Each structure stands twice: as structure tokens, then as C-alpha cells.
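Report on one structure; see the data block that follows.
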Amino acid sequence: MPEPIYLDHAATTPVREEVFAAMQPFFGPRFGNPSSVHRWGRDARTALDEARERVARCLGAAPDEVVFTSCGTEGDNMALIGVWRARRGEHRPAAVSTPIEHKAVLGALHQIAKEGGEERLLAVAPTGRVEEASFDALVRDDAAVCSVMWVNNEIGTLQDVAALAARAKARGVVFHTDAVQAFGKVDVDARRVPFDLASISGHKIGAPKGIGALFIRRGTPMEPLLFGGSQDRGRRPGTENVAMAVGLACAAELAIEEREAECARLATLRDRLESAILARVPDAIVHGRGAPRAPHVTNVSAPGTESESMLIALDLRGIACSAGSACQSGSIDPSHVLEAIGVSRELANAAIRFSLGALTTEAAVDRAADVYATLVEKARRLAPA
Ligand code: PLP
């Protein structure tokens, strides 16, 4: 069998060699605890401070506006729950988001509802964009926090975060964006875009799983989710993971350096993949096509096919992709994202997400399109009339 092809970069990415090399000393001689006063501690502290400065620069932030987290999920939880709890007593019971968010945001919203808050979901258009009228109706002066993801992880569509953040803030509503799929694809710069909080995750950009960062603009109300020591000025107690922070800094800098060229390369490859699929399966639907999209995700449904069996057949032929977000694989529920943008259950049940990245080449997308189209033709031949 030819080399297997990895087209699941939105689920996770391989750790970059440069990142691995940058982290290695911290699994060896530079093992100190950054809170210790002796030389090992001071060395770890220096490395951690430098990593924070580098991540801050990548986000257009000051170092004290960056909190290292264990993952994107933690950043999302901290942003929503931390702000909502900090604003209890301000008569702003509502937390607002969209139905197409990652479960990390939707789960945080449910937790807020369990704690007595009001959970509100904005309407989204078939393009995946938030409906303006719904935003105006729901993001009011009785809301504490609003969270809208920058790039959708299942269909790649982009939101106008700058405009939404400005409108939320005009009503006194703290604005968070889940930038986990956006960082390295769009310019996530706190000097240019007025979001109050933004979460990123290392494993989507060539750092290991288990590290992320949350940007918290100075002055944003925030209650910690963890209680303990005074690390990170009490916002996130727990001994800091120095190696991972250094890895995230390295990956973030590389992602920014390469962003323009890599986005252009990925957009060309994505268009090539979509054209090749549509040439052989002309009735296939590419979700969100025509809407502004990040270049690394394409989500396709061929009527008369079924995601689960397609995924297995693709994997058997060496093509690794996904039916939606990875946390949903194994579940037979159709994607909540496709459902929210009005895709029929039949088409949602046929969706395959291909996500491109560092490992993706022209030859890889050509073969993936060929295998996919062949499997669609086969599934249709075998389907009962
Ligand atoms: N938000 C989005 C948009 C994601 O795609 C993901 C991961 O798939 C997350 C949040 C969660 O990030 P992590 O896996 O680091 O917890």
C-alpha cells in the first residue's frame, strides 16, 4: 500500500522538530521549578518568562496578559466561566455564544446555566456567519460575556471577530474568541482586533497536546477556576509546565513567520482537492463554500453515502480524515455544526472533513480525491435502489 496520508490537521498536528528540540533541555538538565529561589528555579523562571513574552508578542499582547493553560478547552472554560463568575452581582446573568462552537465553549455555557446563568445561542446563517439581528437581540446589557469562535473547526468558516467584538463591548459585554483553529491562519492580534479574551492551543500548530494560552486583556474581570498557589498571579495556580510553554512559544513564532506563505499553499491545495472531488462527484456539497473560510478545512457530503463507513473505508486505503471534530468520532450523532447551519440530516450524516497542514502535498490531495470519489461511486453502486 502507498504511504498513508494524514488529512486530519484540525484534529491535531505533528510536533515540529524545532519545537521538540527547544523543549528537550527542560526534560533534562533544566528541570527546575520556576517558583524555587535557587539557580535551577531561576533558570526555569527565566525560560518561562521568555516563553510568555514570546507568546505575548505573537498575540500583540503584553506578557501579563497571557496565561498558560493545559489546552484550548481550559482556555475556553476559563474565559466564559471565569468572566461570568467575576461579574455575578452586576445583574448580567446571560452568557452568549453560537450553536457552532466547539464543545469546549458549549460545555462551559451549560456549566454557567447550571450555576444559575442564562445560556443564549445566536442564530447563524447557512454560511456559518452569525446573524447580525440575532447578535443585536441577544448581546444586550444583561449579558456578562459573549464568545464567538474565529474559525470553525468543522467547516473552516470565519467570523468577523473585529466587528462582533466592538459591538459586544459597546454594550459592556466582555468578548471572547476561541482562536484555536484561527491562530496561524488569521492575524490574531490584540492590538488590531478588540477582543477581550482569546484562547489558543499548541497541538493545532505543531506543539504537543496539553498546552495552550489564554489572552486576557488588562482590566478584564476574571475569577480563577483553580485554587492553590500564587503562580500566574493567582489566575492559574499549579506549577508551570516550562517545557510546554517553551514549545508553545516556538510553535507560535514559527506559525506567524510562515503564516502568509503557508495559508496560500494550503488554499491552493484545498481548492485542488475540492475541484478534483467535484469533478468526479458533481452533486457533492462542500459546506460553507463561497463563505470566507480559513484555508485548512474542507467538509464534503456526497448524497447517498454515510460518514462512518466512508471513514473506515478511507482509513483502510490509507487516508486519515474525520467526520467532524475528533471528540465526536465514535458518536453517531450528526454534527451539531452542520445541523445549526441548516444542513439536512441525510447530508450531515454523509459529511467528511479533510483538514490540511504541514504534511499535505499535491500528490496527497490528488490521491485523497481519487480514493474518496471511488468510494462514493462504490457506495452508490452497492446502495439498495
Ligand atoms: N476549540 C476548537 C475550535 C478546537 O478545534 C479545539 C480542538 O479540537 C478546541 C477548542 C479544544 O482544544 P484542546 O484540544 O487543546 O482542548
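Ligands are counted one by one from 1 in listed order, and the atoms in each one are counted from 1 as well. Bear in mind that the values here come from a model prediction, so they are computed numbers and not experimental data.
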Answer yes or no: are there more than 12 heavy-atom neighbours, outside Glu132 itself, under 6.0 Å from its atom CD?
no
Residues [X] and [Y] bridged, charged N to O under 4.0 Å:
X: Arg39; Y: Asp43; answer: no
X: Arg353; Y: Asp8; answer: yes
X: Arg265; Y: Glu262; answer: yes
X: Glu274; Y: Arg293; answer: yes

Determine, considering heavy atoms only, which of Glu74, Gln181, His203 sits nearest to atom 14 (O) of ligand 1.
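Selected option, by shortest heavy-atom distance: His203.
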Ala182, Ala104, Gly75, Ser201: member with heavy atom nearest to atom 15 (O) of ligand 1
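Nearest heavy atom to atom 15 (O) of ligand 1 lies in Ser201.
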Please confirm whether Lys204 comes under 4.0 Å of ligand 1, counting heavy atoms of the residue only.
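The answer is yes, since Lys204 has a heavy atom less than 4.0 Å from ligand 1.
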What part of Thr73 sits under 4.0 Å from ligand 1 if we count only heavy atoms: the side chain, the backbone, both or neither?
both
Judging by distance only, is a nitrogen or oxygen of Met149 under 3.5 angstrom from one on ligand 1?
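The answer is no, given that Met149 and ligand 1 share no N or O pair closer than 3.5 Å.
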List every atom of ligand 1 that sits less than 4.0 Å from any heavy atom of Asp76, numbering the atoms from 1 in the order shown and giving each element.
1 (N), 10 (C)
